[in-house]
Amino acid sequence: MKVKKILLCVMTLALLTLPVAAHGHHGGGHHGGAVRPSRPAAVTVCTVAGCTTAGRHVHNGVTYCGYHHESGVCDNNCRALCPLEGCPETGRHLHSGVTYCGYAHQSGFCDGACRALCPVEGCETTGQHVHGGVAYCGYAHLDGFCDGACRPLCTLSGCTIEGRHDHNGARCCGYAHLDGFCDGACRILCPVEGCTIDGRHSHNGLPCCGDHHSSGFCEGVYHPL
């Protein structure tokens, strides 16, 4: 008698749970299956003529970025430079929920590559490195921060490549910068005959400088004739 009661209880419980299990299986197999998230479309630099909107914005339903990324694609790391007068904050920080950068990038916006100069006493590491989870740069940039464009000077014996280039994936620069590293501001002297443009400019996408540098190249510092 006791065994019959136990069996009856088990059968009742099975009948009560069966519809739920069946419904769950049905929902999982046909309606509740994992949905792959769609890949967000790449946001490109704004191509609309005359548009002066900074940061991300929309034209005809398409999202663009108003900052001039060299790659032509915005990686979502860019931020406006901090406009708050008297703000002492360096690097990225918030004002009223909006993220800004406290460094004065020459490009007029922050692309996320900037780093504070290394403050660790006695540290001799060059280039970008980490202390306590914080990324710093070991080069003494004249502008007081690293914008991510710096490269060591080329050490490959016999290399005659000018400007920034790579050796087996290692980035370097072929110009002999006086400060011992390349911060990305260097340009070749303008090779276009008859060009009278002073300062940095470009010809067919080739960045160059129209000033007479005694070093034979422009490292971003203005040297008039």
Side-chain angles (χ1 to χ4, degrees), residues 42-47 65-79 81 90-91 101 103-118 123-130 135-225:
V43 175
T44 59
V45 173
C46 184
T47 56
C65 181
Y67 294 127
H68 179 69
H69 296 267
E70 286 187 3
S71 64
V73 177
C74 174
D75 61 4
N76 200 31
N77 283 323
C78 55
R79 294 293 183 271
L81 302 188
T90 57
C101 181
Y103 293 129
H105 294 264
Q106 289 182 355
S107 58
F109 75 99
C110 169
D111 63 0
C114 55
R115 298 287 184 274
L117 301 189
C118 183
C123 176
E124 296 181 356
T125 306
T126 57
Q128 293 189 10
H129 59 282
V130 176
Y136 299 102
C137 181
Y139 294 129
H141 294 263
L142 294 175
D143 48 16
F145 77 99
C146 168
D147 64 359
C150 56
R151 300 185 179 204
L153 302 188
C154 183
T155 57
L156 187 64
S157 179
C159 178
T160 58
I161 302 173
E162 296 180 337
R164 292 185 287 169
H165 58 281
D166 293 354
H167 288 298
N168 297 322
R171 303 185 309 166
C172 54
C173 180
Y175 293 131
H177 293 264
L178 296 176
D179 49 17
F181 73 98
C182 167
D183 65 358
C186 56
R187 300 287 187 274
I188 63 169
L189 300 189
C190 184
V192 178
E193 189 175 350
C195 177
T196 58
I197 302 173
D198 290 330
R200 290 188 285 171
H201 58 282
S202 62
H203 292 289
N204 298 322
L206 174 68
C208 53
C209 180
D211 298 322
H212 176 70
H213 295 265
S214 57
S215 58
F217 76 98
C218 167
E219 56 179 309
V221 181
Y222 180 65
H223 291 290
L225 291 173

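Side-chain atoms are counted along with the backbone in the values below, which use heavy atoms only and exclude waters and symmetry mates. None of these values were measured; they are calculated from a predicted model.
The two residues Gly210 and His201 come nearest to each other via the heavy atoms N-CE1, 3.6 Å. For the pair Val73 and Val45, the tightest heavy-atom approach, listed with the atom from each and the gap, is N-CG2, 4.3 Å. Across all non-hydrogen atoms, the minimal contact from Leu153 to Cys172 is C-CB, 4.3 Å. The heavy-atom pair separating Cys195 from His203 by the smallest distance is SG-NE2, 3.5 Å.
Residues satisfying the side chain to side chain contact (heavy atoms under 4.5 Å, CB included) criterion with Cys74, sequence neighbours excluded, are Val43, Arg56, Cys65, His69, Cys78. Remark: Asp179 pairs with no residue by the salt bridge (charged side-chain N to carboxylate O under 4.0 Å, His left out) rule, at least two apart or across chains. Under the rule for a ring pair (Phe, Tyr, Trp, His ring centres under 6.0 Å), the partners of His129 that lie at least two apart in sequence or sit in another chain are His131. The salt bridge (charged side-chain N to carboxylate O under 4.0 Å, His left out) check on Arg79 picks up nothing, with sequence neighbours excluded. With sequence neighbours left out, the side chain to side chain donor-acceptor pair (under 3.5 Å) criterion links His68 to no other residue. Residues passing the side chain to side chain contact (heavy atoms under 4.5 Å, CB included) test with Ser215 are His213, Phe217, sequence neighbours excluded. Residues forming a ring pair (Phe, Tyr, Trp, His ring centres under 6.0 Å) with Phe145 (at least two apart in sequence, or on another chain): Tyr103, His105. With sequence neighbours left out, the side chain to side chain contact (heavy atoms under 4.5 Å, CB included) criterion links Ala140 to no other residue.
Using a distance-only test at 3.5 Å, with no hydrogens or angles considered, a donor-acceptor pair links the side chain of Asp211 to the main chain of Gly199.
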Derivation of the side-chain contact (heavy atoms from CB on, under 4.5 Å) call for Arg200 and Cys208: CA-CA 6 Å; Arg200 290 188 285 171; Cys208 53; over 6 Å; no
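The salt bridge (Lys or Arg N to Asp or Glu O under 4.0 Å) contacts involving residues 166-178 comprise Arg151-Asp166, where partners must be two or more places apart or lie in separate chains. Identified under the side chain to side chain donor-acceptor pair (under 3.5 Å) test for residues 184-197, with sequence neighbours left out: none.
Using a 4.5 Å heavy-atom threshold, the side chains of Thr126 and Tyr139 count as touching.
A distance of 7.5 Å separates CD of Glu219 from CG of Asp183, quoted to the nearest 0.5 Å. Going from atom CG of Leu156 over to atom SG of Cys154 covers 5.0 Å, rounded to the nearest 0.5 Å.
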Could you list the donor-acceptor pairs under 3.5 angstrom formed by side chains in residues 157-164, with sequence neighbours left out?
none

